[in-house]
Amino acid sequence: MKEVYYLWEENNVPLFKKEYGQDIPNLTVYPIESDAAVPCVIVFPGGGYGHLAVDHEGRQICEFLNKNGFAAFMLCYRLAPYHFPCQELDAKRAVRFVRANAAKFGVDPNRIGIMGFSAGGHLACMTGLRFDGGVADGDAVDRVSSRPDNVCACYAVASLDREITHRGTRENVLGSYEDDELADKLTSNKIVPENAPPFFIWHTAEDNAVDVRNSLRLANALAEKKKTFELHVFPYGCHGLGLACDTPLASQWSGLYINWLHEINRR
């Protein structure tokens, strides 16, 4: 039985509404046995901000990470009718929570990666690009940096640009499909900071749910800022592949990512 940790006490969750019937944002911990602190990855399942694909984009991913020497955490974040900034608050808190409790979890506080799929990929991009060094007027966890040390964006809704975004994701996170001003602030290729962490990005060219240009624009923005990234676009495969075990070529992403992650964590 994996342990579940709530990110806040019940009465302290920002913008929490009991009437929505959702649980307090939480992390399921997938630890590994080690005598030394290990690197870890926090996983954000997708689901268009309307549900969470906790099996093939959550549990299976965490178990895969464990097999390759990484502790893992699966984030259950808030969904519609919650909208921005609730999901971002949950994701930032998850990074802070793991870093603040690194000794408890046996992980290295300087090697905390995040990984997101589809809408979870949007959340991972926002967490990796809109981080802060800590919130002074919060609790002890809030005062810890929310900057992840690396980001993996898997067929991510990296853009909320009407031309290429996933409509349901945009509508659920914004609360209104029409809010172009907020959409720009949550579109990854428009907000890359100078101290962006390294990114690993993958997509399939024939994804008919989330346009591959989401990933291409993100990669191009990182390149323009001369940031570290690795991009893979595989020719075949539908949306929502997870580990893509049954999809030729696209199934290579996981091994490529592990190799990249080992190298990034050595630097």
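Only a predicted model underlies this, so the values are computations on that prediction, with no experimental measurement involved. Note that these values count all heavy atoms, side chains included, but never hydrogens, waters or copies made by symmetry.
Atoms NE2 and CZ, from His83 and Arg170 in turn, are 14.0 Å apart once rounded to the nearest 0.5 Å. Note that the CG atom of Leu79 and the SG atom of Cys86 stand 11.0 Å from one another [nearest 0.5 Å]. Taken to the nearest 0.5 Å, the NZ atom of Lys92 stands 8.0 Å off from the OG1 atom of Thr127. Rounded to the nearest 0.5 angstrom, His232 NE2 and Leu256 CG are separated by 4.5 Å. Here NE2 of His203 is found 11.0 Å from CZ of Arg213. Values are rounded to the nearest 0.5 Å. Rounding to the nearest 0.5 Å places CG of Asn214 at 7.5 Å from OG of Ser188.
Ser146 places a side-chain N or O within 3.5 Å of a backbone atom of Asp132 that can act as its donor or acceptor partner. Proximity of a side-chain donor or acceptor of Asp90 to a complementary backbone N or O of Arg78 within less than 3.5 Å is detected. Asn110 contributes no side-chain N or O that, together with a main-chain N or O of Asp108, makes up a donor-acceptor pair within less than 3.5 Å. Within the 3.5 Å criterion, the main-chain N or O of Pro197 finds no donor-acceptor partner in the side chain of Lys227. Under the 3.5 Å distance criterion, the side-chain polar atoms of Arg96 are matched with a main-chain donor or acceptor of Val144. A distance-only check finds a donor-acceptor pair linking the side chain of Thr204 to the backbone of Gly237 [under 3.5 Å].
Across Tyr49, Tyr77, Tyr20, a single residue satisfies ring pair (Phe, Tyr, Trp, His ring centres under 6.0 Å) together with Tyr82, and that is Tyr20. With respect to Ile164, the side-chain contact (heavy atoms from CB on, under 4.5 Å) criterion is satisfied by exactly one of Val210, Asp211, Leu216: Asp211.
No side-chain heavy atom of Asn189 sits less than 4.5 Å from a side-chain heavy atom of Asn220. Between Asp161 and Arg217, the closest side-chain pair of non-hydrogen atoms falls below 4.5 Å. Residues Pro81 and Gln22 meet the side-chain proximity criterion, which asks for heavy atoms closer than 4.5 Å. Between Asp180 and Arg162, the closest side-chain pair of non-hydrogen atoms falls below 4.5 Å. At a threshold of 4.5 Å between non-hydrogen side-chain atoms, the residues Ser215 and Val233 do not count as touching. Annotation: side chain of Lys18 is in contact with side chain of Glu10 (closest heavy-atom distance under 4.5 Å). The shortest distance between side-chain heavy atoms of Ser118 and Val157 falls below 4.5 Å. The closest side-chain heavy-atom distance from Gln87 to Asn172 is not below 4.5 Å.
Remark: the Asn259 side chain and the Glu263 side chain contain no N/O donor-acceptor pair separated by less than 3.5 Å.
The aromatic rings of Trp260 and Phe200 are tilted relative to each other, their planes meeting at an angle between 30° and 60°. Between Trp202 and Tyr155, the ring-plane angle classifies as perpendicular under the 30° and 60° cut-offs. Note: Tyr257 and Trp253 have tilted aromatic rings, judged against thresholds of 30 and 60 degrees for the angle between ring planes.
Proximity of the aromatic rings of Phe97 and Phe73 is defined here by a centroid distance below 6.0 angstrom, and this criterion is not met.
Across Ile114 and Gly128, no two heavy atoms sit closer than the pair CD1-N, 4.1 Å. Residue Leu160 comes nearest to Leu174 through the heavy atom pair CD1-CD2, 4.0 Å, listed as atom of the first residue, atom of the second, then distance. Looking at every heavy atom in both residues, Ala100 comes nearest to Val141 through CB-CG2, 4.2 Å. In this structure, Ala156 and Ala153 approach most closely via the heavy-atom pair CB-CB, 3.9 Å. Trp8 approaches Pro14 most closely through the heavy-atom pair CE2-CD, 3.4 Å. Taking every heavy atom of both residues into account, Pro235 and Ala205 meet most closely at O-CB, 4.0 Å.
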Could you list the donor-acceptor pairs under 3.5 angstrom formed between side-chain atoms of residues 27-41 and any protein atom two or more places apart in sequence or on another chain?
{"unit_1": "Ser34", "atom_1": "OG", "unit_2": "Ala36", "atom_2": "N", "d": "3.2"}
{"unit_1": "Ser34", "atom_1": "OG", "unit_2": "Ala36", "atom_2": "O", "d": "2.9"}

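Using a 4.0 Å cut-off between charged nitrogen and carboxylate oxygen, Arg267 and Asp149 do not count as a salt-bridge pair.
More than 12 heavy atoms of other shown residues, nucleotides or ligands fall within 6.0 angstrom of atom CG in Asn195.
Listed by first and then second residue, the side chain to side chain donor-acceptor pair (under 3.5 Å) pairs involving residues 65-76 amount to none (not counting sequence neighbours).
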Legend entry - Full working for salt bridge (charged side-chain N to carboxylate O under 4.0 Å, His left out) between Asp179 and Lys185: CA-CA 10 Å; Asp179 194 341; Lys185 295 177 181 178; over 6 Å; no
Inset, instruction - Show your reasoning for whether side chain to side chain contact (heavy atoms under 4.5 Å, CB included) applies to Tyr6 and Asp23. - result: CA-CA 9 Å; Tyr6 290 110; Asp23 204 355; 3.3 Å; yes
